[in-house]
Amino acid sequence: MTKTRRLFGTDGIRGTANQDPMTVEIAQKLGQAAGLRFINGTHRHSVLLGKDTRLSGYMIECALVSGFLSAGMDVTLVGPMPTPAIAMLTRSLRADLGVMISASHNPYGDNGIKLFGPDGFKLSDEVEAEIEETMRSDLSGRLAAPDQIGRASRLNDAAGRYIESAKASFPRGLRLDGLRIVIDCANGAAYRVAPTALWELGAEVIRIGCDPDGININEGCGSTRPEALCNAVTRHRADIGIALDGDADRVLISDEKGRLIDGDQILALIARSWMKQGRLAGRHIVATVMSNMGLERFLSKQGLELIRTAVGDRYVVEKMRELGANLGGEQSGHMLLSDFATTGDGLVAALQVLAVLVEEKRPASEVCRMFTPYPQLLRNVRFAGRSPLHDPAIDKARRAAEGLLGDRGRLVLRESGTEPLIRVMVEAEDEQLVRQVVDDMCNAITAVQMMA
């Protein structure tokens, strides 16, 4: 019988802190089950454990540590570190498992747990399902004997290791001397490492969102609230701005005029740059169904093909590995550069943009505007209880919307993997048509909710 996942979503386990499933009890059980799943042989096994800056991270961290130790795994703690740093360090230190405690771009009241295998990649759906099945079983006879209980220690140079790894992705011989850069770390996991890396490469660094207090992560800052970055860039007359999210696996850019540059434009810029340098593997760039049709047409003119996946960086990575591609990403700012990282890395992606800026000696407003996007509108509709997407009325409204769009545009309806939201995205050449279709679909979803 096929194993099913109930706790794990598109990006690990996520929920409100101290409420199911983000409780101490579940975190401890997860540590035990994941530990047992990755113990193979009689040698000492280890797990690398990091977190972002949320207040609840202390609670979840302690519960996970007790679970892993009771399973017989040694735990190496690194404190607040970006998600890509955990993936990199897991592989570099030859740990059996990597764990990141974060709810990424969500507000501080949420938290989550992401798991990485010894290769630094996120676990497959199948392995996550196995872990869930183990969590539901009786573990009393499988935990470590008293003399086999694990030990916990702290890795003090984790930040330095990641900074050097990120800097190594920047082209040798180039410097950021003379560039004034605003960096917004969303009061999250990269608040120390990202500004330091930019400064060490020669930039004048202006920091915002770098004062975490446990409850201000992603609050009015970061890649989900880029207005703060754009305003800071113009106020400080900076050359460019970089906004990361709470765990620093996403990035958005502001040009020197304070105009936002999304993940699609960043993907196009890196694709063209790498193709010119002969660094692009194959002719495929991987993105999701949310990426703009303008990106697809731009890449086609470069002789490249855009391959779309379901939303979620893990699905982009899976398709990249299948195709042998080394570049992929999401419009939201997840950039997957497999030459340098096994998961989204906002800082490394930003360094690729900065490299082009330095090489071309032109302002960001000229360098980073690669194509004119199609009018696109995304709206979220919150729901309670069962997802309304499966209601016949929604299917009828979808067919009507697709009939209006024809071959002039696209409709994407999907349920969020991290929140009780239905995301409605429409794009077409006609902006008025886009708004009409979005209104129609959102009204249909709301009507179904009211009748439930």
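Each residue takes its place number in the sequence, starting with 1. All values reported here derive from a predicted model rather than from experimental measurement.
The existence of a salt bridge linking K29 and E25 is excluded, since no basic side-chain nitrogen approaches an acidic carboxylate oxygen closer than 4.0 Å. One finds a salt bridge joining D313 and K122 here, because a Lys/Arg side-chain nitrogen approaches an Asp/Glu carboxylate oxygen to under 4.0 Å. The pair E305-R283 does not count as a salt bridge, with every side-chain nitrogen at least 4.0 angstrom from each carboxylate oxygen. Between R308 and E296, at least one side-chain N (NZ, or NE/NH1/NH2) sits under 4.0 Å from a carboxylate O, which counts as a salt bridge. Salt bridge status for E322 with K319: present, with a side-chain N to carboxylate O gap under 4.0 Å. In summary, R314 and D11 do not engage in a salt bridge, as defined by a charged side-chain N under 4.0 Å from a carboxylate O. Salt bridge status for D110 with R54: absent, with no side-chain N to carboxylate O gap under 4.0 Å.
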Could you list the donor-acceptor pairs under 3.5 angstrom formed by side chains in residues 95-104, with sequence neighbours left out?
unit_1: D96; atom_1: OD2; unit_2: S46; atom_2: N; d: 2.9
unit_1: S102; atom_1: OG; unit_2: D52; atom_2: OD2; d: 2.8
unit_1: S102; atom_1: OG; unit_2: S104; atom_2: N; d: 2.8
unit_1: S104; atom_1: OG; unit_2: D245; atom_2: OD2; d: 2.9
unit_1: S104; atom_1: OG; unit_2: D247; atom_2: OD1; d: 3.2

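Within the 3.5 Å criterion, the main-chain N or O of L7 finds a donor-acceptor partner in the side chain of E132. Judged purely by atom type and a 3.5 angstrom limit, H45 uses its side chain to pair as donor or acceptor with the backbone of N40. Judged by distance alone, the side chain of Q376 and the main-chain N or O of M290 form a donor-acceptor pair under 3.5 Å. Side-chain atoms of S169 come within 3.5 Å of backbone atoms of A166 as a donor-acceptor pair (strictly under, hydrogens ignored).
For the pair R410 and Y374, the cation-pi criterion (under 6.0 Å, within 45° of the ring axis) is not fulfilled.
A donor-acceptor contact closer than 3.5 angstrom is absent between the side chains of Y108 and D213. Q331 and N292 share no side-chain donor-acceptor pair at under 3.5 Å. Side-chain contact check for R250 and H105: at least one donor-acceptor pair (N or O, by modelled atom type) lies under 3.5 Å.
Among all heavy-atom pairs drawn from G344 and D249, the shortest one is O-CB, 3.2 Å. The two residues G409 and M293 come nearest to each other via the heavy atoms CA-SD, 4.4 Å. A pairwise comparison of heavy atoms in G50 and I86 identifies CA-CD1, 3.6 Å as the closest pair. When all heavy atoms of R225 and G220 are compared, the closest pair comes out as CB-C, 3.6 Å. Here the shortest heavy-atom pairing between E256 and S365 reads OE2-OG, 2.5 Å. Nearest heavy-atom pair, R154 versus G79, reported as atom, atom and distance to 0.1 Å: NH1-N, 3.7 Å.
Within 6.0 Å of atom CZ in R180, more than 12 heavy atoms from other residues, nucleotides or ligands are found, so the atom counts as buried in its surroundings. Heavy atoms of other residues, nucleotides or ligands lying less than 6.0 angstrom from CZ of R235 number more than 12. The number of heavy-atom neighbours closer than 6.0 Å to CZ of R414, taken from other residues, nucleotides and ligands shown, is above 12. Residue R297 places its CZ atom among 12 or fewer non-hydrogen atoms of other residues, nucleotides or ligands, all under 6.0 Å distant. Environment of CD in Q302: crowded, with over 12 heavy atoms of neighbouring residues, nucleotides or ligands closer than 6.0 Å.
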Apply side-chain hydrogen bond (donor to acceptor under 3.5 Å, both in side chains) to residues T196 and E200 and explain how you reach the verdict. CA-CA 6 Å; T196 301; E200 290 183 359; 5.8 Å; no

